**Student:** 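The structure under discussion is supplied below as structure tokens; questions concerning it will follow.
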Amino acid sequence: MPQSLEEVYKRLDSMQSELNDLRSSYSGVSKNYKEALSSLKELTLHSSDSAKRSAKAAEQSKMAAYNAKIAAEDASADPRLLAIVDSAVQASVSAAIAAIESAGAAAAASAAAAAAVSQHAEESLLKASAEASVASRLAADSAAEAVKLSNQAREISALMKKIS
């Protein structure tokens with residue numbers, strides 16, 4: 001079935017137009033994909049940083065609980081300082097709560113980093129996610145220690161009230 005040369009040229013023009021549309025579409029998809037990967041990378045790195053900062057905050061809260069427990073111990077030597085012991089206990093409890101909240105934030109940030117990595121397993125993202133996971137564990141450890149210290153401070157106060 002012979003076609004005229006004009007029909008062949010029309011067909012070639014149509015195919016060329018479709019090819020140009022496909023190239024344009026591919027270029028747009030490729031650009032969007034690169035932007036999405038960049039956003040995932042940024043999200044992972046920020047999540048990892050957030051987890052590390054939350055772990056540091058939990059560690060500081062643990063130290064505050066420790067210092068409050070020491071203050072309660074020191075003040076417990078004098079029955080007239082019961083109000084100070086109670087304030088130290090409250091400070092210890094507040095520090096423990098802050099440590100728990102920080103540990104929760106670290107866990108959430110670690111989960112966000114892991115979720116981003118699951119979308120694109122790049123070496124730097126895997127490392128950031130692993131660091132976030134370690135930070136989350138450290139934050140949980142600090143929170144547990146802060147709660148333990150807070151309970152010790154409460155025991156000091158309870159013993160002091162029992163003796164008074």
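What's counted below: heavy atoms across the whole structure, side chains too, no hydrogens, waters or symmetry copies. Just so you know, these numbers come straight off a predicted model, no measurement behind them. For reference, positions follow the sequence shown, starting with 1.
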**Student:** Once rounded to the nearest 0.5 Å, what's the spacing between atom CG of Leu138 and atom OG of Ser133?
**Tutor:** 9.5 Å
**Student:** Would you mind writing out the side-chain donor-acceptor pairs for residues 87-97 within the sub-3.5 Å range, not counting sequence neighbours?
**Tutor:**
residue, atom, partner, partner atom, Å
Ser87, OG, Ala83, O, 3.2
Ser92, OG, Ser150, N, 3.4
Ser94, OG, Gln90, O, 3.1

**Student:** For Lys127, enumerate each residue passing the salt bridge (Lys or Arg N to Asp or Glu O under 4.0 Å) test, keeping only those at least two apart in sequence or located in another chain.
**Tutor:** Glu131
**Student:** The criterion is side chain to side chain contact (heavy atoms under 4.5 Å, CB included); which residues satisfy it with Ser30, sequence neighbours excluded?
**Tutor:** Tyr26, Lys34
**Student:** Which residues, ordered by chain and number, are linked to Val147 in its hydrophobic cluster, where ILVMFWY side chains connect at heavy-atom gaps below 4.5 Å, directly or through other members?
**Tutor:** Ile100
**Student:** Would you compute the distance between atom CD1 of Ile156 and atom NZ of Lys161 and round it to the nearest 0.5 angstrom?
**Tutor:** 12.5 Å
**Student:** Would you give me the side-chain donor-acceptor pairs under 3.5 Å for residues 8-17, sequence neighbours excluded?
**Tutor:**
residue, atom, partner, partner atom, Å
Gln16, NE2, Asn20, OD1, 3.3

**Student:** Could I get the full list of side-chain hydrogen bond (donor to acceptor under 3.5 Å, both in side chains) partners for Ser157, not counting sequence neighbours?
**Tutor:** Asp86
**Student:** To the nearest 0.5 Å, what is the distance between OG (Ser142) and CD (Gln60)?
**Tutor:** 9.5 Å
**Student:** Taking side chain to side chain contact (heavy atoms under 4.5 Å, CB included) as the test, write out the residues that go with Lys41, two or more places apart.
**Tutor:** Leu45, Glu122, Ser124, Leu125
**Student:** Residues in salt bridge (Lys or Arg N to Asp or Glu O under 4.0 Å) with Glu101, at least two apart?
**Tutor:** none
**Student:** Which pair of non-hydrogen atoms, one from Ala128 and one from Thr44, has the smallest distance, and what is that distance?
**Tutor:** CB-CG2, 4.0 Å
**Student:** To the nearest 0.5 Å, what is the distance between CZ on Arg53 and NE2 on His46?
**Tutor:** 10.5 Å
**Student:** Among residues at least two apart in sequence or on other chains, which ones pass side chain to side chain contact (heavy atoms under 4.5 Å, CB included) with Asp141?
**Tutor:** Arg137
**Student:** Looking at Glu6, I'd like to know if its CD atom is crowded, meaning that more than 12 non-hydrogen atoms belonging to other residues, nucleotides or ligands lie closer than 6.0 Å.
**Tutor:** no
**Student:** Which residues satisfy the side-chain hydrogen bond (donor to acceptor under 3.5 Å, both in side chains) test with Arg80, sequence neighbours excluded?
**Tutor:** Asp78
**Student:** Minimum heavy-atom separation for Ser110 and Ala51, please, with both atom names.
**Tutor:** N-CB, 4.3 Å
**Student:** Check whether any side-chain N or O of Ser27 sits under 3.5 Å from a backbone N or O of Arg23 as a donor-acceptor pair, and report yes or no.
**Tutor:** no
**Student:** Under the side chain to side chain contact (heavy atoms under 4.5 Å, CB included) test, which residues partner Ser61, sequence neighbours left out?
**Tutor:** Ala98, Ala99
**Student:** Give the minimum heavy-atom separation between Ala55 and Ala106, together with the two atoms involved.
**Tutor:** N-CB, 4.5 Å
**Student:** Using the rule given for salt bridge (Lys or Arg N to Asp or Glu O under 4.0 Å), can you reason through Lys56 versus Glu59, listing the C-alpha separation, both sets of side-chain angles and the distance that settles it, and then say yes or no?
**Tutor:** CA-CA 5 Å; Lys56 286 179 186 176; Glu59 175 69 21; over 6 Å; no
**Student:** Could you tabulate the donor-acceptor pairs under 3.5 Å formed by side-chain atoms of residues 66-75, not counting sequence neighbours?
**Tutor:**
residue, atom, partner, partner atom, Å
Asn67, ND2, Met63, O, 3.3
Lys69, NZ, Glu73, OE2, 3.3
Lys69, NZ, Gln152, OE1, 3.4

**Student:** Okay, side chain of Ser136, backbone of Ala132: is any donor-acceptor separation there less than 3.5 Å?
**Tutor:** no
